[in-house]
Amino acid sequence: RVSKYSVRCEAHFDSTLPHRLRPRAMDSSPASAAAQDHGCRLPILIVPGFMSSALRVERSEEQSTWEGKRIWLSLDKLGLSAAVAAATRSRNRGPDPGGADESTGTRSAFRVAKATTKGLMQHFDAEQPDPDEKDDGCPQAHEPLQVFRERCLRNSWVNHIMLKSPTEEMEGVRLKPIEGLEGIDFLTESALTKPLTSVFSHVIEELKQVGYEEGVDLDAAPYDWRFAPSVLQARDRYFDHLRVRVEALDRKGTGVVLLGHSMGNKTIMYFLRYMRANHGQNWLDTHVHTWLCAGGPHLGAPQAARCTLLGDRMGLDAFLNMQEGLIMAQSFSSSPWLLPIGAQASNLFYVRRQGALEIRGLEAGLPGRWISSKNKVVVTLEVSWGNDDGRTSLRSSAASSFDGKKALYDADRNFFRFCGPAELPPCAVLVAIVKEVGMPKRRIPLCHLGSRACDCVRLAKEAARGRGGLGVPRAFSVEKSIRELWAAGRPDKDGFVDAQLPLKVDMGPSGLFQFGGSVRFQLRWRGAAEVQTSLLGVARPLAETRIGLEAPRVCHAKGSIVYDRLSLSEAGGVDDSPNAPMQVWRKYYEGDPLYDETGSQDAPPVKRVVAVHGVNVPTETFYAIRLASIRVDATQRQPVFVLDREAKICPAASNGLRMSGGIASEIPGAGHGSGDGVVPLYSMNHVREWARDVESLRVEHLDKAGHREMLCDARFHKIILDVATSPPNVA
């Protein structure tokens with residue numbers, strides 16, 4: 001290195017030190033002694049990361065009693081009883097009846113009995129609400145009143161946190177970050193959960209023990225982490241207020257240490273560029289002494305792409321379901337801020353090569369099937385692919401109209417996509433099951449008893465086949481070859497053909513035989529090549545997807561299953577709705593002159609940078625995915641892809657990598673390291689590219705320190721004191 005660049009890399013501290021510490025008394029180290037001297041201490045301004053600023057309710061038309069109170073994070077407003085109930089349901093329920101069920105094999109007798117009992121409890125009494133319908137504010141059957149109340153609170157909490165658009169909150173809602181250190185020390189106020197939600201509390205305690213005072217030489221700049229940086233400025237004038245904070249701290253003219261963690265470093269980088277564009281380089285040279293970046297995702301984090309595109313509960317597994325987590329994450333215009341950029345964004349996903357069977361225009365003719373017109377009728381369509389490829393079943397929403405003979409289904413909520421092998425197997429078959437939801441009690445006790453006995457048998461059979469879920473089976477269709485259905489019709493302009501599945505002769509709920517009826521629909525088959533060009537929007541031939549790779553990185557136990565590389569922009573571009581993540585990215589990031597989406601020649605306009613990285617913790621780097629078999633609902637936001645849990649790392653590419661559940665992680669080993677559990681090493685180490693553009697660069701690695709855990713780490717605290725107590729003209 002040229003001598004004028006002060007670069008210290010790979011500095012490992014004593015491995016015997018604990019990685020997570022409670023507040024402690026300071027030692028008598030030189031850094032601590034220097035910190036006691038007020039003349040040497042530099043002021044510090046802390047900028048927290050994603051979801052690390054506490055938010056309070058400024059205005060709420062929906063929950064006026066919440067005004068002035070903390071909502072992020074408030075477990076009381078989320079509903080603790082609802083969380084307990086959700087956890088109980090998740091332990092007891094089988095596959096989601098509204099999604100794909102790809103179970104294979106025979107269930108145990110115990111699981112069959114449990115599913116049958118659950119079915120009896122849910123479906124024998126009163127009319128049941130369609131679970132796909134939006135919450136109407138009424139308690140669900142068998143739901144305790146307290147759980148219902150707290151479920152309403154949870155729904156209201158989600159409505160407060162999520163955004164209406166990239167620039168707007170929901171109607172009648174206004175949230176604000178809690179100012180000062182109070183907004184970044186802990187996320188919750190409850191004595192029970194406060195220690196579990198520590199953010200900067202340990203750092204603040206350490207600094208106060210050596211004489212730092214809030215508002216004098218220590219401050220924080222919380223922000224509404226839901227918004228993109230340009231929106232933060234336009235909406236809250238955040239970066240102007242940040243300038244005022246820096247100037248207020250820099251009373252002695254020594255310059256301020258900007259301490260950022262995680263996305264807080266992205267915020268600091270944007271602030272530096274904003275100040276250079278609006279106030280000139282001289283302001284930065286005067287007021288910013290050092291940028292201390294901890295766990296900086298300079299090239300983004302793959303985990304952010306997984307959460308944004310595939311869905312994630314954002315650490316609130318006990319409170320949110322995947323649908324709520326996906327809706328929230330995709331509503332935040334800040335989510336694309338953390339997406340991977342540069343070359344790594346091109347190798348982020350490996351998608352299984354699949355074909356797709358699509359079905360629309362569903363209706364069921366049910367003459368003489370003894371189904372009450374007062375009840376709801378659903379249809380389960382099941383595809384058996386054959387050749388050990390398993391089966392997939394999807395359930396319709398409740399019929400939009402049913403007169404006792406014919407059930408019609410809303411086209412916007414009942415478009416079925418079954419994703420399977422790349423080419424349609426000759427032995428693939430389709431079957432339909434018609435189910436009744438709710439069964440009024442019959443006046444004659446004997447008929448009532450006989451009806452329940454018949455339904456017990458039906459539910460037991462369905463549970464044994466792994467087809468549990470909402471509704472008592474009332475009719476089964478014959479199995480038909482999908483190839484025969486596809487070949488028998490004449491395609492329309494969209495490629496769909498008319499098809500039907502006749503219903504079998506069966507015994508009804510009153511012991512009488514039922515005749516006639518059928519399930520009618522339109523279907524089409526798309527092979528892998530058509531899926532790639534039409535559904536994924538990828539124009540390049542499949543054979544070209546591996547150019548530039550020495551060997552495939554992802555494979556399957558079945559050698560016939562192939563994976564193709566899919567870039568972040570290609571995977572995100574499948575959803576082209578106005579507020580989809582990649583649309584937000586293009587408008588609020590690529591179109592922002594203060595944001596560099598290339599990840600090259602992006603050195604910050606400051607003199608000194610100290611980067612602290614947690615290392616040697618398994619960290620997500622890329623993903624194996626497949627198209628989701630779903631009932632497409634135009635009224636809801638749904639993931640197009642799901643993780644492919646059957647994929648594995650190819651032996652030739654396994655060095656330093658491990659895959660579990662479709663998630664490939666870098667792991668520490670001989671000759672290679674890994675990131676901090678959230679941000680990969682390559683993303684944090686991007687700071688090394690700035691060495692020739694800044695006067696001083698110092699890189700510190702904390703072995704085995706996790707992304708959030710490093711804030712509690714004594715080694716990190718020592719680095720902060722070392723930087724903040726250096727003479728003003730020293731890096």
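Positions are given from 1 along the sequence.
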Practice item. May I ask you to decide if the ring planes of Phe332 and Trp225 are parallel, tilted or perpendicular, using 30° and 60° as cut-offs? Key: perpendicular
Exercise for review: Indicate yes or no for a side-chain donor-acceptor contact from Arg273 to the backbone of Pro604 under 3.5 Å, with no hydrogens or angles considered.
Suggested key: no
Review point. Within the side chain of Ser198, is there an N or O that forms a donor-acceptor pair under 3.5 Å with the backbone of Pro195?
Key: no
Check your understanding: Are the side chain of Arg235 and the backbone N or O of Glu168 linked by a donor-acceptor pair below 3.5 Å?
Key -> no
Practice item. Please work out which of the three classes, parallel, tilted or perpendicular, describes the rings of His287 and Trp283, given edges at 30° and 60°. Key: tilted
Exercise for review: Tell me, with the steps shown, if Asp713 and His202 meet side chain to side chain donor-acceptor pair (under 3.5 Å).
Suggested key: CA-CA 8 Å; Asp713 198 308; His202 294 84; over 6 Å; no
Review point. Are Arg41 and Tyr212 in a cation-pi contact, defined as NZ or CZ under 6.0 Å from the six-membered ring centre and within 45° of the axis?
Key: yes
**Study point:** Polar side-chain atom of Glu214 near backbone of Leu181 as donor-acceptor pair, under 3.5 Å
**Key:** yes
Practice item. Return yes if some donor-acceptor pair links the side-chain N/O of Glu169 with the main-chain N/O of Leu175 below 3.5 Å, else return no. Key: yes
Practice item. Describe, in one word, how the ring planes of Tyr589 and Tyr595 are oriented to each other, choosing from parallel (under 30°), tilted (30 to 60°) and perpendicular (over 60°). Key: perpendicular
Review point. Would you say the side-chain atoms of Trp157 pair up with the backbone N or O of Ile71, donor to acceptor, closer than 3.5 Å?
Key: yes
Study note, to complete from the structure: Exactly one of Tyr223, Tyr274, Phe271 clears side chain to side chain contact (heavy atoms under 4.5 Å, CB included) with Leu242, and that residue is Phe271
Exercise for review: Look at the side chain of Thr619 and the backbone N and O of Pro680, then say whether any donor-acceptor pair between them is shorter than 3.5 Å.
Suggested key: no
Practice item. I would like to know whether His707 and His261 meet side chain to side chain contact (heavy atoms under 4.5 Å, CB included); could you show each step before the answer? Key: CA-CA 9 Å; His707 186 69; His261 176 253; 3.9 Å; yes
Practice item. Examine the side chains of Asn685 and His298 and answer whether a donor and an acceptor come within less than 3.5 Å of each other. Key: no
Practice item. For the pair Trp66 and His160, name the ring-plane relationship: parallel under 30°, tilted 30 to 60°, perpendicular over 60°. Key: tilted
Point to revise | Whether Ser683 side chain and Gly300 backbone form a donor-acceptor pair below 3.5 Å | key: yes
Practice item. Using only heavy-atom distances, determine whether the side chains of Asp633 and Gln638 contain a donor-acceptor pair under 3.5 Å. Key: no
Practice item. Would you indicate whether Leu196, at its atom CG, is surrounded by more than 12 heavy atoms from other residues, nucleotides or ligands within a distance under 6.0 Å? Key: yes
Exercise for review: Can you label the angle between the His701 ring and the His613 ring as parallel, tilted or perpendicular, going by 30° and 60°?
Suggested key: tilted
